[in-house]
Visitor: 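For reference, the structure I am asking about is given below.
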Amino acid sequence: MKKYISISDITSLSSLVEEAIELKKKPFAFENLGRRKTLVLLFFNSSLRTRLSTQKAARHLGMDVMVMNVSNDGWALEFEDGTIMNQTSSEHIKEAAKVISQYADIIAVRAFANLKNKTEDYSEKVINSFVKYATVPVVSLESATGHPLQALADAITIKEHQKNTKPKVVLTWAPHPKPLPQAVANSFVEIMQIDEVELVITHPKGYELDKNIVKNTKVEYNREAAFKNADFIYAKNWSAVTKYGKVLLKDNNWMVTEQKMKLTNRAKFMHCLPVRRNVVVEDAVLDSKDSLVIEQANNRIYAAQVVLKKLLKN
Ligand code: AN0
Ligand code: CP
């Protein structure tokens with residue numbers, strides 16, 4: 001593995017998940033692998049889990065870690081080629097990425113979608129510029145259109161909790177007052193497509209995900225039908241793709257409730273967090289023993305660790 005910015009960087013999901021589960025049993029088994037190596041984490045946006053779990057993962061491998069909130073503490077970066085930089089940005093990614101590469105053995109970046117222009121967001125300019133100009137491997141900590149470390153943690157969690165060989169996994173849209181990126185949903189769909197599961201997506205009309213992501217995955221507009229026999233319910237809000245970045249409805253009928261969970265095959269509930277209680281999902285579901293959200297967050301450590309391990313070995 002030379003970078004991890006998308007699900008397509010995974011060559012064998014089953015072996016990656018297995019290796020992560022092994023690391024979870026013996027987190028310090030490779031504590032010399034990252035000795036005298038440095039991970040630099042760059043955050044353009046807020047984070048709790050990603051920021052802490054990735055540092056924890058790096059320390060398990062013996063790495064040093066440097067963390068920077070680039071938006072607040074760094075120079076405003078320019079990503080366009082050939083610009084006359086007489087406006088707000090002070091430093092070009094060409095220099096920044098090369099400079100950071102001298103301080104880092106691996107660079108990890110969080111840069112959310114702007115949700116203003118679909119073509120721009122889906123071109124992944126920020127993370128792709130880091131890949132282009134950095135001279136060390138780059139990891140996505142959630143980019144404009146994907147959150148591959150979250151998706152890997154989710155695949156690990158499903159593997160640990162599945163009761164049959166091909167569980168039914170349902171990704172359900174849920175309401176949220178603010179427009180959110182499609183990144184988590186996109187990467188979840190992509191990783192489930194290469195996992196041995198039956199994946200169904202359910203959402204209100206108008207919330208169709210990008211067709212290059214959905215491909216031939218089943219979309220069931222009837223949520224009750226989608227929930228039937230589900231083994232895992234994965235809730236996530238995302239803003240509209242066609243009417244790009246818009247909140248089209250705040251219908252709390254799409255909130256995941258205890259009542260709706262009764263339609264399933266005693267499904268486990270999943271969400272990447274942070275979650276708005278009683279907007280996305282009812283307290284009763286989140287507080288039930290069928291909720292896996294805390295374990296998903298725990299598995300963020302081992303998802304990051306297996307990826308860092310692969311990059312260090314390369
Ligand atoms: C972000 C999102 O939906 O992409 C981060 C999730 C990990 N969520 C919020 O901003 C609430
Ligand atoms: N799930 C997730 O990525 O959480 P943070 O935004 O807190 O890192």
Side-chain angles (χ1 to χ4, degrees), residues 4-7 39 41-58 65 67-72 108-116 118 121-122 124 126-127 139-158 171-191 201 203 207 209-210 213 234-241 244-248 250 254-256 269-281 286 291-305 307-308:
Y4 188 68
I5 62 162
S6 140
I7 300 306
L39 173 67
L41 299 175
L42 303 175
F43 286 89
F44 289 89
N45 309 93
S46 310
S47 167
L48 184 149
R49 280 145 289 274
T50 304
R51 186 173 176 130
L52 298 178
S53 64
T54 313
Q55 290 188 63
K56 178 107 177 144
V65 193
V67 189
M68 184 168 174
N69 295 326
V70 231
S71 299
N72 299 330
V109 182
R110 165 163 284 198
F112 286 177
N114 287 322
L115 296 177
K116 290 196 177 80
K118 188 193 168 190
D121 283 344
Y122 276 69
E124 289 285 11
V126 174
I127 196 91
V139 175
S140 166
L141 302 173
E142 185 172 339
S143 68
T145 68
H147 196 351
L149 281 178
Q150 180 65 49
L152 181 55
D154 298 335
I156 296 167
T157 312
I158 288 173
L171 170 66
T172 180
W173 181 91
H176 195 281
K178 292 209 229 161
L180 296 187
Q182 293 101 34
V184 171
N186 286 347
S187 290
F188 184 71
V189 167
E190 290 182 318
I191 208 161
I201 307 172
H203 56 70
Y207 277 101
L209 290 166
D210 192 281
I213 305 259
Y234 195 105
K236 182 70 184 85
N237 170 269
W238 61 87
S239 58
V241 177
Y244 193 65
K246 295 280 179 284
V247 175
L248 306 177
K250 295 180 183 174
W254 275 82
M255 175 168 72
V256 178
F269 175 80
M270 299 179 74
H271 189 282
C272 63
L273 305 180
V275 72
R276 292 194 181 220
R277 283 177 171 259
N278 304 309
V279 174
V280 170
V281 52
L286 221 37
S291 171
L292 297 180
V293 299
I294 305 301
E295 195 50 39
Q296 282 172 266
N298 186 34
N299 283 335
R300 288 294 305 275
I301 303 169
Y302 308 101
Q305 194 172 337
V307 166
L308 293 174

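Counting convention: from 1, in listed order, for ligands and their atoms alike. Only this structure's heavy atoms are used, side chains among them; waters, hydrogens and symmetry mates stay out.
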Visitor: Quick check against the 3.5 Å criterion: does Asn186 have a side-chain atom that pairs as donor or acceptor with the backbone of Gly146?
Guide: no
Visitor: List every atom of ligand 1 that sits less than 4.0 Å from any heavy atom of Leu273, numbering the atoms from 1 in the order shown and giving each element.
Guide: 7 (C)
Visitor: Has ligand 2 got any nitrogen or oxygen that is less than 3.5 angstrom from a nitrogen or oxygen of Pro274?
Guide: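 Not met; the criterion fails.
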Visitor: Quick one: does ligand 1 sit under 4.0 Å from the side chain of Asn237, the backbone, both or neither, non-hydrogen atoms only?
Guide: neither
Visitor: Among protein heavy atoms, which lies nearest atom 4 (O) of ligand 2, and at what distance?
Guide: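 Of every protein heavy atom, Arg49 NE, 2.8 Å lies nearest to atom 4 (O) of ligand 2.
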Visitor: Show the atoms of ligand 2 that are less than 4.0 angstrom away from any heavy atom in His147.
Guide: 2 (C), 3 (O)
Visitor: Which one holds for Glu142 and ligand 1: side chain close, backbone close, both close, or neither close, with close meaning a heavy atom under 4.0 Å?
Guide: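 Glu142 to ligand 1: side-chain contact only, backbone stays beyond 4.0 Å.
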Visitor: Looking at Lys118 and Asp210, is any side-chain nitrogen of the basic one under 4.0 Å from a carboxylate oxygen of the acidic one?
Guide: yes
Visitor: Using heavy atoms and a threshold below 4.0 Å, how should the contact between Arg300 and ligand 2 be classified: side chain, backbone, both, or neither?
Guide: side chain
Visitor: If I apply the N/O under 3.5 Å rule, does Lys236 come out as touching ligand 1?
Guide: yes
Visitor: When you look for heavy atoms under 4.0 Å from ligand 2, do you find them on the side chain of Gln296, its backbone, both, or neither?
Guide: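 It is neither part, as no heavy atom is under 4.0 Å.
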Visitor: Any idea which atoms of ligand 2 are less than 4.0 Å away from a heavy-atom of Leu48?
Guide: 5 (P), 7 (O), 8 (O)
Visitor: Polar-atom distance check: Arg110 versus ligand 2, any N or O pair below 3.5 Å?
Guide: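 Such a contact does occur with ligand 2.
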Visitor: Quick one: which ligand 1 atoms are inside 4.0 Å of a heavy atom on Pro181?
Guide: 2 (C), 3 (O), 4 (O)
Visitor: Any N or O on Gln150 sitting closer than 3.5 Å to an N or O of ligand 2?
Guide: yes
Visitor: Does only the side chain of Leu273 get under 4.0 Å from ligand 2, or the backbone, or both, or neither? Count heavy atoms.
Guide: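 The answer is the backbone.
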Visitor: Do any heavy atoms of Ala183 fall under 4.0 Å from ligand 1?
Guide: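 The answer is no, since Ala183 has no heavy atom less than 4.0 Å from ligand 1.
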Visitor: Taking the cut-offs as 6.0 angstrom to the six-membered ring centre and 45 degrees off its axis, would you call Arg110 and Phe44 a cation-pi pair?
Guide: no
Visitor: Is there a polar contact, in the sense of an N or O pair closer than 3.5 Å, between Ser46 and ligand 2?
Guide: no
Visitor: Among all protein heavy atoms, pick out the one at the shortest distance from atom 10 (O) of ligand 1; state its residue, atom name and that distance to 0.1 Å.
Guide: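 The answer is Leu180 CD2, 3.6 Å.
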